[in-house]
Each structure stands twice: as structure tokens, then as C-alpha cells.
Amino acid sequence: MPRKPSNIVYSAHEKPPLGTLFALGIQHATLALLFLVYPLVAAEEAGLSFADTQVLITSCIIFMGIATIIECWPKAGAGMLLVQIPNTPHLPLAVQSLSAGGLPLYAAMSLVASVSQLSLTRFTNALRAVFPPEICGVAVTMLGIALAPPALRRVFGLAQESGGLVDTRYLMVSFITLFIIIALAIFSRGLLRLFAVAIGAGAGWLIASFAGIAPTPADTFAQLPYVDIPRIGFPGFAWSWALLPAAILTGFISAVDMISTVVSMQRMDDADWRRADMEQAGRAIRANTFADMGAALTGGFASASSSAAIGVAFATGATAWRIGIIAGGVILLAAFSPKLVGALTIIPTPVVGAILIYASAFLIVAGMDLILSRRLSDRRIFTVGLSVLAGLTVALLPEVVHSTPDWAQPILESPLSVSTAVAVLLNLFFRIGIRQEASLPVTLGDNAFQVTTEFLEQQGDLWGARRDVIAAAIPVVAEAVETLLDTETAAGALELRARFDENNFDVTLLYQGEAIEVPTLRPSPEDLLGDAKAVARFVGYMLSKRADKLVIGMEGERQALSLRFEH
Amino acid sequence: MHIDRIVEKDVLITAVRGRLDSSSSPKLDETLAVIPEGSAAIVLDFAELTYISSAGLRVVLKATKLARSNGLQLVICGLVPQVHEVFDVSGFTALIPIHESRASALAALT
């Protein structure tokens, strides 16, 4: 069971009180349903009929709810708080396929995307190598950066009737909403913190009403029934070879998006987080793809786990999976209430903008934290730096994307997918020439501490080892080198050999001479004033306690003193 | 490694900065071998000691024995976590009084 960080009130496997559980679940569900604006945009762009739009949205809500429940359920899914929202990487695919062939074509392409997403989960071992912490960090940072433009447009009111001019009333509402959320998340305890987002959003809505920027319900809103049976069904299939590459890539992008959100949650929920649990990410992706397949077969828009929900989880300090089950249930129920879904569309946009800004800020820093959790060699610095720049290029210079072929634009316009793809490729490229084992000769004249520090830090940089593991290994290895040479247990020289395999950092000292004794009981400190053998025995005991594992053996003609540090 | 010696209220304070290993420990050994007359107690201030090897521990042990043979108490203060771990594992924390800071060491001695 991971150790709970101090800022988390209810961690993944904890049970919040029933009332709190429901209130938090409703808070998450409300936020998730706000993102129904994405499939609405797709339907509008594609000129979908009212009846088809209803099917697209209703099926999306149903499978968002189902996916949320499966993903959060420990037995079936990832056992962590992952709340689904309509999947934004699907937007370009949905607009193109809905325009070209309506719901039947989008259903077929969405199914292809699900299969391509699912296929990645077959390679979790390979994914572990492809997604080391710094690459996960790049993806999480870019997830935050990708969230920034839609957030900022809402904050400045640029998407409204202002004709592209900044509306200071929007800015004021966003600022106050954000201020309340942050103030409650940082300075308050108990219920106030748990409902920081809901309280902030409520206050923001109130101010937006006073400022005259809260949307008024459309005339049709009053006619919407409170309860209604959802109308969904198999829309049929149509096919387009031209859209096939985009569908496959949409699946890959969705998988990367899912990995980023799962890793962010893992990191937030574990004070001793070391590396991404790709098995758990795989389970989340599998649950997501099965729900997406259901959505595709019933004419719905695909969904994916929400990065905004991660921001809410951080603000409230609640990451319990049970909250997700309630949220999923509430989302599912919403499919039976057109009135409720209609009401959510009138939440003021600057309020939504403030929530997205909070999530974006959190994800950007969470990604940086992941990047810096490992030692960075020159190779890794450029892997991270160039991939972030690649993502920023498509975000800041959309004209670059517009100059590429049409089929490539849906892929290239996502900073997340561009950054991650560049990071993965550079990571694989820069691995050329790096061996997983390195050695260094050390002689009696060398300063043991200095030689050990330089060697282990250099190798740690190259291998991207954790900083704390290398820092802990240096004094232990230096002690072993110094003792073997100074007590003349090793005849004047030895070979220092380091090996790294992600789970362990192993250092072996190879030398000609006698094996040192490793007592199980602590020798008397007086032994330090004794002969060389007594000193070596004392140090042998200390090494056995300070390394995670000490093995004394032979390698050919030489003694091998191996120190293992768990990574 | 850098060594400073100060006398405060008849307590002889030796502050060590840097690393204490086989190459630097002879210098500290020489310093600690001399106990000025009138010293009431000895404090080894290791607040800025970043690394200690068994060679360094040997010097500390010798200094403790010398102090005791002169009827003086020797205490250590300000250990950083990675050095504290060495003192814990080696059993030195049971052998020599350890204080959090120089001020608390002086308060305990005077």
C-alpha cells in the first residue's frame, strides 16, 4: 500500500464518510459533464441533425459513467480516482468523420481508435522502457500546457460575443473563483477544503450573475423533461480508408493521454513514488477502450480520463476510488435527465476557465517534478528540452501545423502528442552507446570518495537513476573502496563496476586478495583500533546494514564484493 | 577538510567542515591529540561534516578515549542525517553523547 502524502485527506483506498463521498462524487460528475461542450462543438462543426446530436451526447454520457465506474473499481479497473470526460483528442476525428459520413462513419473510426488504443496495453513491459519518469513528466507537463489555451480563452472571455477583445468582467469572475479555490485548498481544513472547487464555482457563478455574464437558459430549456429514457442505438457502419491513419493515431494519442493522467494520480497518491506503474495504466486504458467501443456501437462520442479531475482531486485532497464510483453513477443518471444536462450548459465560462487554470497549473508543476525526480545527463536534458519545445511550437505557431498535409494536422495540432512522440523518439535515439554496465579501475593513490562520487554520478546521469539512490550509494561504496585499499585487503588496486536495471543499482568491487568477513552481530567499535582484519570486519558489518544487499563471492580469480541499492 | 578550534566557557570546541576519510583523518587526529590545559570538556561540532568513513570514526574513538583518560567528557553535536546514520549503524551513538546543536551540547556540559 503506498504511503499517503501529507496533503492528501482521503487516499485511493480510504473510505470517506458517506455524505462526503456523495458530495465529492457529485462535484466531480458536475465538472465532467461540463465538458459535453466538446461533442456539441463536433456536432455543430459537422452539421449533425438534432436527433443525431442527441444520440452522440446521450451515448457519450452513458459510457462516460460506465467507464468511470469500471476504471475506478479496483477489481475491474485501475482502483484509482479517474473520472471520464469527452475525449478531446477525438475532436478532429469526430468532426471529419461526422462531416463525411455521419454517425455510421464516426462509429467505425471510433472503433478503430479503440482497438489501436487497446493494442498498446499488450506491451506494458515495452511501455515501461519507452516511458521512463522524465518522459512521463514531459507528457504530464504538456497535458497541463494543452489545457491552458481553452482555460485562458474562458478566463479572458475571448470566446464570447466580445469579438476577440478581452472582457474584464470575465477576468474578474475567473480571478475570484480561482482565488477562492486556491485559498480554500491551501489554508482551510475539513469540509471547506473538500468542497473548495464547488464553493469557488458557486461563488463565481453568483458574481457572474451580478456582472451580467451568466448565460440565460435558452427557450427550449424550459421544455426539456426532468426524466426521460435515453435514446441510443446502433448507428450502422460506414468506412473511409482516408480517415484510417487518423483513427489509429487518435487511439495512440488517447492512450498517451490516459497514461499521463494515471501517472499524475499515482504520483499524487504516493509519497514514495518511484516509477510509473504501467500495469495499472494498462488496466485503466483497457477499461476506457471497452467503454469507447460501447460508445462507438451506440453512436456516442468517445471519452477519456479527465486531467481537470486531477486538479479537483489535488485541491480537495481526496483521491479515493470510491468517489469515482459515485461520480460515475451520477454521470450515468444524468443521461436520464435532459434538464440536468441542459442546466450544466449555462455554467458561466469564466468559472470553468478558473477550474481549468487550477488543473493546468497543477499538471505543469507535477510534470516538472516527475522530470526532475531523476538525474539528468546532457542527453536527457535535450530529450526533455527539445520535446517540450516541439510541443510549444505547435501550440504557439499554429501556422506551422496548417502548412502540413491535411491528414497530419489532427495529430500535429496536439502539443501533448507532438511532445510525447518527440520525447519517446529522442529517448530511444539517445540510448545509442549507453551500456547498462560500466567499470572503473581504482588504485591506492586515488581519493576513494572523490573517485566514487564522480563515477557513480556520471553513470547515474547517463542511466537516469534516482537522485536519492545515487546519493545514498556514494558514501557506502566510498567506504568499501577506502577500506579494501587502506587495509590492503585488496592488493593496491580494484575494479569498480556499476550496473543499472531500473529496479536495482548494483555496484561490485572486484579485487585480488582475501574476502572480508561480514558478521551478523555488530562488532565492538574497539575493533576500529585493531588490526586490518578487525577493521575490515567492522566495515563489512556496516556495509551489510547500509546497502540493501551485500553479497561476498568470487568472479574468476577475483573477490567480488557486491552492494545492491534498490531503485 | 577544515578544522576550527574554539574555547567557550572552558569547553574546547572542535568544528570540522568537509569530509573525514583516510586522507583527512590524520590531520584531525593530530589536532585532537592536544588538549589545552584548563579544558573542562570537549565538543566535536560536526554540523558541517558531510562524510565520515571508518578512518574518521577511528579518530573520534581515539579522541573519546583520550578525553576520558584525562577525566573529560567528549560530546558530539550537529550530525547531518547521512553522518548520523553512520554513527547509528556503528554503535557510536551508544558510546558517545550526541546533541542536536552546539548550543544544546554546551547547555548540557555547563
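Lettering follows sequence order; numbering is per chain, from 1. The basis for the numbers below is simple: all heavy atoms, side chains too, and nothing from hydrogens, waters or symmetry mates.
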Closest non-hydrogen contact found for B/Ser90 with A/Met542 is CB-SD, 3.7 Å

Choice from A/Val535, A/Asp527, A/Val539, A/Leu529 maximising heavy atom contacts with chain B below 4.5 Å
A/Leu529

Test of understanding: with side chain to side chain donor-acceptor pair (under 3.5 Å), list the residues that count as partners of B/Ser54, not counting sequence neighbours.
A/Glu479

Report the relative orientation of the aromatic rings in A/Phe538 and B/Phe92; use parallel for angles under 30°, tilted for 30 to 60°, perpendicular for over 60°.
perpendicular

Above 12 or not: heavy atoms from other molecules or residues under 6.0 Å from CD of B/Glu100?
no

Is it the case that atom CD in A/Glu437 sees more than 12 heavy atoms from other parts of the structure closer than 6.0 Å?
yes

For the pair A/Glu482 (side chain) and B/Ser22 (backbone), establish whether a donor and an acceptor sit closer than 3.5 Å, ignoring hydrogens and angles.
yes

Applying a criterion of heavy atom separation less than 4.5 Å, what residues of residues 455-478 of chain A form contacts with chain B?
A/Pro475, A/Ala478

Side chain to side chain contact (heavy atoms under 4.5 Å, CB included) between B/Arg19 and A/Asn447, worked out:
CA-CA 11 Å; B/Arg19 296 193 307 263; A/Asn447 181 298; 3.9 Å; yes

Taking the side chain as C-beta and beyond, is there a heavy-atom pair between A/Arg522 and B/Val89 under 4.5 Å?
no

What one should report as the nearest heavy-atom pair of A/Arg546 and B/Gln82 is NH2-O, 4.4 Å

Which distance, rounded to the nearest 0.5 Å, do you find between the CG of B/Asp88 and the NZ of A/Lys545?
13.0 Å

Ignoring hydrogens, what is the shortest heavy-atom contact between B/Arg58 and A/Leu528? Give both atom names and the distance.
CD-O, 2.7 Å

Chain A contacts: which residues in residues 3-15 of chain B have a non-hydrogen atom closer than 4.5 Å to it?
none

Do any of residues 548-559 of chain A have a heavy atom less than 4.5 Å from a heavy atom of chain B, and if so, which, in residue order?
none

In terms of heavy-atom contacts, does NZ of A/Lys4 have more than 12 from other residues, nucleotides or ligands at under 6.0 Å?
yes

Heavy atoms from other residues, nucleotides or ligands near CD of A/Glu514 exceed 12 (cutoff 6.0 Å):
no

For B/Ser23, which atoms come within 4.5 Å of any heavy atom of chain A: side chain, backbone, both, or neither?
side chain

